[in-house]
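Report on the following structure.
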Amino acid sequence: MSRIHITTTVNGETAEFLTEPRETLLDVLRNQLGLTGSKEGCGTGDCGACSVLLDGVLVSSCLVLGVEAQGKTVETIEGMATDGALHPLQRQFIEHAALQCGFCTPGILVAAKALLAQNDNPTETEIRYWLAGNLCRCTGYDKIVRAVQDAAAEMRGAA
Amino acid sequence: MPKDELKAGFRLVGTRPNRPDGLDKVTGRARYGADIVAANMLHAAVVRSPYAHARIKSIDASRALALEGVKAVITRADFPTGLTGEDWNLQENTIAGDTALYDGHAVVAVAATSALVAQDAARLIEVEYEVLPHVTDVDAAMAPGAPVIRAGNADHSVPEGMHPNVVRYIDFGHGDLEAGFAAADLIREGTYKTEATHQGYIEPHACLGQLGADGRGEMWVCTQGHWYIRRMCAAVLGIEAANLRVTPSEIGGGFGGKTTIFMEPLALALSRKAGGRPVKLVMSRAEVLRATGPTASASMDVKIGMKKDGTITAGQVNFRMQGGAFFGMSPIAEALPCAFACYDIPNLMHEGYEVLANRPKAAAYRAPGSPMAAFAVESLLDEMCRELSLDPLQVRLKNAAKEGTKSSYGPTYNRIGLVETLEATIAHPNLSAPLGPNQGRGVAAGFWFNHGGETSVSLQIGEDGTVGVSVGTPDIGGSRASIALMVAETLGIEYEAVRVNVVETGSLGVNEPTHGSRATFASGKAAVEAAESAIKQMCARAAAEWGIDPEAVEWADGAARPAGENAGKFPPLTIGEIGAKMGGTGGPISGHHESVPGGVGASFGVHVVDVEVDPETGKSTVLRYLVVQDAGRAIHPAYVEGQYQGGAAQGIGWALNEEYIYGADGRLQNPMFLDYRIPVASDLPMIDTVIVEVPNPGHPYGVRGVGETGIAPPLAAVANAVAAASGARLRTLPLSPPKVLAAIKAGQ
Ligand code: FES
Ligand code: FES
């Protein structure tokens with residue numbers, strides 16, 4: 001099958017790859033670019049473990065084709081800490097014990113970051129509905145919601 | 001958290017430091033099963049039976065083999081013959097022989113240069129089937145005339161005249177059942193059913209296997225127990241255990257479902273056939289749901305006798321469970337003892353049947369068998385309390401098992417904390433929260449044995465006084481942190497100075513998996529023993545340096561010190577000083593410990609849930625949820641709370657949404673997360689927790705194990721709350737809106 005040359009920006013850096021038209025963005029990120037922080041929990045858009053930002057919009061990268069990244073910007077979990085400093089969400093997740101196995105964590109962090117970008121003071125209900133597309137089987141979500149609340153408060157304070 | 005004050009006697013145990021693997025897990029660096037690559041690696045795909053029961057007449061892989069990039073195709077013919085017992089079960093489940101036994105049963109596997117080519121090749125493989133009659137329901141499978149799944153599987157326990165699908169029978173009890181029921185003022189009975197549910201870990205099974213023609217190989221795999229993987233793969237493939245080195249990846253959830261093999265030998269067999277090239281095999285979600293896990297489905301009769309004051313005089317259960325098409329997979333032997341384990345009941349009888357059905361080979365799921373048993377018994381108890389106008393928590397307190405009680409399954413309990421747990425529940429503010437219209441409150445208790453298991457740990461003193469601990473129990477929910485806390489506490493050093501590593505099979509003696517709520521209990525206990533042994537050696541080094549008797553040296557605050565005035569006057573020698581010199585004072589210092597630890601402490605929990613039921617749709621909304629459970633001692637309370645909350649959430653899913661739905665054709669109809677719907681964030685409220693601490697005398701820090709008990713009470717607690725809110729008493733799970741609505745309508 002012929003492959004297509006794609007140029008895109010991933011976590012602020014130019015990235016190029018060759019992809020079959022049927023290959024998902026998730027597979028390209030994981031298998032070609034070595035960015036295995038985004039996870040595949042379902043491959044059908046139901047679990048959110050593969051969440052990334054595409055031109056700033058939260059998407060399930062298992063439902064996006066690699067070719068669709070042409071000329072766009074992609075942000076993954078690997079780009080969340082800047083200059084070695086954790087994002088407040090990342091730090092709050094560790095401090096709140098908001099992860100057990102940690103497999104859902106990258107997707108949830110990316111999704112939560114997208115929430116806080118558009119709503120710096122979400123209510124518990126808003127957090128719960130925003131994260132309803134991110135399955136976590138371990139935690140019961142309690143500590144996740146609290147960690148997002150505290151990260152939001154911290155970021156408001158810092159702003 | 002007020003409970004933490006209890007642990008004033010400890011410096012570190014009971015605190016909440018950041019987990020050592022936290023940074024890797026929030027940055028995407030942590031490597032899970034599918035996150036690894038090897039040079040020259042191939043990718044595999046599996047062809048699975050689309051039928052619940054079918055004879056495999058022929059397999060034609062010629063078109064697949066002609067595809068560019070395809071390197072190997074394997075069938076059952078590539079595996080050794082002559083296996084027996086559980087080894088045969090494992091091989092038969094890994095890849096079907098003559099007959100596919102369930103929808104999703106693996107039949108052929110293929111390896112190719114990319115995952116996409118492997119999937120293309122799998123589609124080109126032609127399998128001809130002869131469809132056979134099937135049965136998926138447990139009661140139907142033991143009824144006269146049901147299709148026989150595999151004759152000759154029943155063991156000697158099964159009473160004569162039963163259907164050949166009935167393969168195991170268990171009975172036990174004590175007292176005089178008839179007299180017990182005669183002494184009761186109220187006798188009630190009911191039949192309860194639970195559907196199979198899946199553990200639902202978000203990480204699908206994944207492995208990378210390599211096996212050479214010399215029978216030596218390696219495997220990287222997401223698992224709860226890599227020695228189990230080693231033993232099972234070796235048996236299925238006919239190779240020697242020590243020649244297979246298994247390294248556990250980080251694990252994206254297991255809940256019991258990753259304590260066994262499903263497709264791992266396929267990767268190794270493909271590698272062997274492809275000249276030893278490494279083969280990566282990652283399951284899709286549909287494969288996970290169709291062919292791994294799930295738990296058993298159950299059909300259960302319960303009968304209870306109670307006096308007007310709430311005293312339980314007699315109890316009787318008859319459980320039927322199917323765990324798929326394989327002997328020994330249902331948790332019937334665990335479900336029965338869990339049924340009445342919370343109570344002190346003089347007259348009891350338990351009977352249980354294991355039944356084969358055309359379903360996937362069941363695996364352990366968090367407190368296997370206990371949630372079903374609790375659903376049946378705790379539901380009926382609730383009905384009887386309502387009928388007698390008794391407070392359900394007071395009735396449980398009145399009958400609660402305590403130290404010295406002869407348990408329902410035989411042994412006499414040592415120190416247990418059910419009474420304290422019930423008292424803490426009764427005192428909790430959630431019990432007095434006002435309830436509105438269509439709202440109801442349900443309570444239930446639950447139990448799990450907990451487990452010791454084969455354990456081997458080693459501990460190394462570093463040249464700078466830092467400490468490495470090698471354990472064989474994969475860290476699923478913070479056990480590196482809890483073990484580091486206990487080791488640091490014991491050695492009198494900082495938490496950060498201890499690094500706990502989960503090591504591969506070549507580095508330690510055999511370890512059972514992280515199962516049975518045992519990682520913090522068993523690996524923790526062994527790590528403390530290993531630390532004590534290192535302390536002895538460090539004291540000996542200090543004694544030699546000081547020229548005094550080793551008995552005259554004691555260890556405190558991370559240093560060897562002369563014990564008392566008579567030992568002599570020497571400044572303390574710290575662990576760092578001893579470590580720096582150890583090369584010249586006798587060589588490396590390490591401690592190790594191997595055992596099957598005794599002193600396992602049983603654990604009890606009580607849940608209280610408030611539910612609102614929409615009378616127009618039958619939909620239940622969880623408003624408030626409380627978990628109270630005896631941890632023995634909470635080493636890292638945040639991760640203990642996490643276990644309580646996670647168990648409750650899984651139980652709520654089981655109660656309200658989750659079920660395996662089989663069509664008339666015997667195929668699983670909901671093999672994706674869209675239709676197999678586990679709770680999402682917007683389905684749940686905050687989950688309140690109370691950690692009760694009645695220390696387990698069998699563990700140096702009092703640990704009982706906390707992982708499993710939390711999934712036992714929710715099924716009944718939710719059903720009891722739905723009954724209180726709507727008047728609809730449902731005895732079959734899940735309590736899906738249409739079912740609840742129909743029950744409300746029928747009751748009107
Ligand atoms: S892997 Fe993309 S949503 Fe589950
Ligand atoms: S922490 Fe395991 S799935 Fe969320």
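Quick note on labels: first sequence line is chain A, next is B, and so on, each numbered from 1.
The most heavy-atom pairs under 4.5 Å with chain A, out of A638(B), A649(B), S114(B), come from A638(B). In terms of non-hydrogen atom pairs under 4.5 Å with chain B, the most contact-rich of C101(A), G37(A), A49(A), A97(A) is C101(A). Note: L135(A) leads T139(A), L35(A), L135(A), V145(A) in heavy-atom pairs under 4.5 Å with chain B. Heavy-atom pairs under 4.5 Å with chain B peak, among Q100(A), R137(A), R128(A), at R137(A). Most heavy-atom pairs under 4.5 Å with chain B, from the set E95(A), M80(A), R91(A), K143(A): that is K143(A). Of the listed residues (E658(B), H636(B), M283(B)), the greatest number of heavy-atom pairs within a distance under 4.5 Å of chain A belongs to E658(B). Contact count versus chain B (heavy atoms, under 4.5 Å) is highest, among G140(A), G41(A), C47(A), for G41(A). Options V282(B), V288(B), I476(B) differ in how many heavy-atom pairs under 4.5 Å they form with chain A, and the most are formed by I476(B). Between chain A and the options Y639(B), Y32(B), F673(B), F255(B), the largest number of non-hydrogen pairs under 4.5 Å is found for Y32(B). Heavy-atom pairs under 4.5 Å with chain B peak, among C42(A), G43(A), A81(A), P106(A), at C42(A).
With a 4.5 Å cut-off on non-hydrogen atoms, Y644(B) does not touch chain A at all. Contact of L109(A) with chain B is made through the side chain alone, with heavy-atom distances under 4.5 Å. E40(A) touches chain B through its backbone: at least one of N, CA, C or O sits under 4.5 Å from a heavy atom, while the side chain does not. Only the backbone of P685(B) comes within contact range of chain A, with at least one heavy atom under 4.5 Å from a heavy atom of that chain. In this structure, chain A has no heavy atom under 4.5 Å from any part of A648(B). For chain A, the nearby parts of Q643(B) are the backbone and the side chain; heavy atoms of each come within less than 4.5 Å. Residue I687(B) touches chain A through both its backbone and its side chain, counting heavy-atom pairs closer than 4.5 Å. For chain B, the nearby part of L86(A) is the side chain; its heavy atoms alone come within less than 4.5 Å. With a threshold of 4.5 angstrom between heavy atoms, T27(B) approaches chain A through its backbone and through its side chain. Of the two parts of L23(B), the backbone and the side chain both hold a non-hydrogen atom closer than 4.5 Å to a non-hydrogen atom of chain A. With a 4.5 angstrom heavy-atom cutoff, F103(A) touches chain B via backbone and side-chain atoms both.
In this structure, D46(A) does not pair ionically with R285(B), as no charged nitrogen and carboxylate oxygen lie closer than 4.0 Å. Contact check on R146(A) versus D150(A) returns no salt bridge, with no Lys/Arg side-chain nitrogen under 4.0 Å from an Asp/Glu carboxylate oxygen. Salt bridge absent: D475(B) and K25(B) never bring a charged side-chain N and a carboxylate O closer than 4.0 Å. With salt bridges taken as basic N to acidic carboxylate O contacts below 4.0 Å, one links R30(A) and D35(B). We find that E250(B) and K39(A) are not joined by a salt bridge, their nearest charged nitrogen and carboxylate oxygen being 4.0 Å or further apart.
Remark: side-chain polar atoms of T76(A) are paired, donor with acceptor, to backbone N or O of E78(A) under 3.5 angstrom. The main-chain N or O of Q199(B) is found under 3.5 Å from a side-chain atom of Q650(B) such that the two form a donor-acceptor pair. Side chain of S517(B) to backbone of G707(B): a donor-acceptor contact under 3.5 angstrom is found. For E23(A) (side chain) and G66(A) (main-chain N/O), no donor-acceptor pair under 3.5 Å exists by modelled atom type. Side chain of K258(B) to main chain of H205(B): no donor-acceptor pair is present (N/O by atom type, distance under 3.5 Å, no hydrogens or angles). D683(B) contributes a side-chain N or O that, together with a main-chain N or O of V680(B), makes up a donor-acceptor pair within less than 3.5 Å. With N134(A) contributing its side chain and G48(A) its backbone, the two residues share a donor-acceptor pair below 3.5 Å.
When the shell of 6.0 Å around CD of E68(B) is examined, it contains 12 or fewer heavy atoms from other residues, nucleotides or ligands.
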